[in-house]
Protein chains: 2
Amino acid sequence: MVDLRHLSTFVAVAEEGSFSGAATRLRMAQSAVSRTIRDLERDLGKQLFDRSTHHVALTQAGHATLDSARTALAAVDTVRLTAGDAGDCIRCPHDGAKKP
Amino acid sequence: MVDLRHLSTFVAVAEEGSFSGAATRLRMAQSAVSRTIRDLERDLGKQLFDRSTHHVALTQAGHATLDSARTALAAVDTVRLTAGDAGDCIRCPHDGAKKP
DNA sequence: ACGTTTTACGTAGGCCGTAAATATC
DNA sequence: GATATTTACGGCCTACGTAAAACGT
């Protein structure tokens, strides 16, 4: 199953242009980044990066995926925002007098 | 962290109108559905359902979240589609003569 | 009293970090 | 030879299922 962490890791690698850079940004080990991308490529059935040890470049599929991955991540952020913006149930005792 | 499984479980409960119905559709135990919704509500900081043991109704926040959750799930599906549609790297040995 | 949701318990699978190996410049 | 990615190993945490309890109709 494709996971959000897969997607954000993928975007980080694409933006940083390197696995180690993404690992630093995400505060995780490079090995985790490598495995995550590997799993994502396996899930999607497409190679996302052309990597030759010192060069990491997006494949054509990678470019297309990058766009939609960003869209998906934004959509999930929107979930948080809409949930936060939405008023709660008319009579929800658990958030008391939060709204004026 | 909000997970895609959280979202699809939430949508299933909202559409089925019951936890057990969602559990049946998702082929999982009711307890798992209950915990997943609980976790999602905790993550979002909002109650999504008003449940009184025999009635499950979306709260106001639940309605708003349902919309954006569907959008997010569709966006993730789009990731799969775009990745699948996209041509691979010009010279990718691993998927040989897949494209005419 | 029945049906549905929730909690408790124990187990299985996945993810991550550390460390070692591999490959490229 | 140095840097960056990948693989191996061990541990931790999370998620699930089964079973039992709580709640409302």
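Since the structure is predicted, the reported quantities are computational estimates derived from the model, not experimental observations. Residue numbers start from 1 in every chain, and the chains themselves are labelled A, B, ... in the order their sequence lines are given, proteins ahead of strands.
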> How long is the line joining CE of B:Met28 and C1' of D:dG17, in whole Å?
Replying inline: 11 Å
> Please give, in whole Å, the distance from C:dG13 P to A:Asp3 CG?
Replying inline: 19 Å
> B:Asp50 CG to C:dT4 C1': how many Å, rounded?
Replying inline: 16 Å
> Does the B:Arg5 side chain pair with the main chain of A:Asp3, one donor and one acceptor, at a distance under 3.5 Å?
Replying inline: no
> For A:Arg38 and D:dT5, what is the distance between atoms CZ and C1' respectively, to the nearest whole Å?
Replying inline: 11 Å
> Between A:Arg35 and A:Arg51, who's closer to the 5' end of DNA chain D by nearest nucleotide?
Replying inline: A:Arg51
> A:Glu41 has an atom CD; how far is it from atom P of D:dT5, in whole Å?
Replying inline: 13 Å
> Can you tell me how far P of D:dG17 sits from CD of B:Gln30, to the nearest Å?
Replying inline: 10 Å
> Does the B:Gln30 side chain pair with the main chain of B:Ser20, one donor and one acceptor, at a distance under 3.5 Å?
Replying inline: no
>> Between A:Ser20 and D:dT3, is there a contact of a side-chain N or O with OP1 or OP2 at under 4.0 Å?
In response: no
>> Both A:His55 and A:Ala29 contact DNA chain C. Which one's nearest nucleotide lies toward the 5' end?
In response: A:Ala29
>> Over all strands shown, is B:Ala32 touching base, sugar-phosphate only, or nothing at heavy-atom distances under 4.0 angstrom?
In response: sugar-phosphate
>> Between B:Ser68 and A:Thr82, do the side chains contain a donor N or O and an acceptor N or O under 3.5 Å apart?
In response: yes
> So what does A:Ser31 hit on the nucleic acid, given a heavy-atom distance under 4.0 Å: a base, only sugar-phosphate, or nothing?
Replying inline: base
>> How many whole angstroms separate atom CZ of B:Arg27 from atom C1' of D:dA15?
In response: 19 Å
>> Determine whether a donor-acceptor pair (N or O, by modelled atom type, separation under 3.5 Å) exists between the side chain of A:Arg38 and the backbone of A:Ser34.
In response: no
>> On the nucleotide C:dC15, are OP1 or OP2 found under 4.0 Å from the side-chain N or O atoms that A:Arg5 carries?
In response: yes
> Within this structure, what is the CD1-to-P distance between B:Ile37 and C:dT7, rounded to whole angstrom?
Replying inline: 13 Å
> So, the side chain of B:Thr71 versus the backbone of A:Ala75: is there a donor-acceptor pair under 3.5 Å, distance only?
Replying inline: no
>> Just N and O in the side chain of B:Thr36: are any of them under 4.0 Å from OP1 or OP2 of D:dC16?
In response: yes
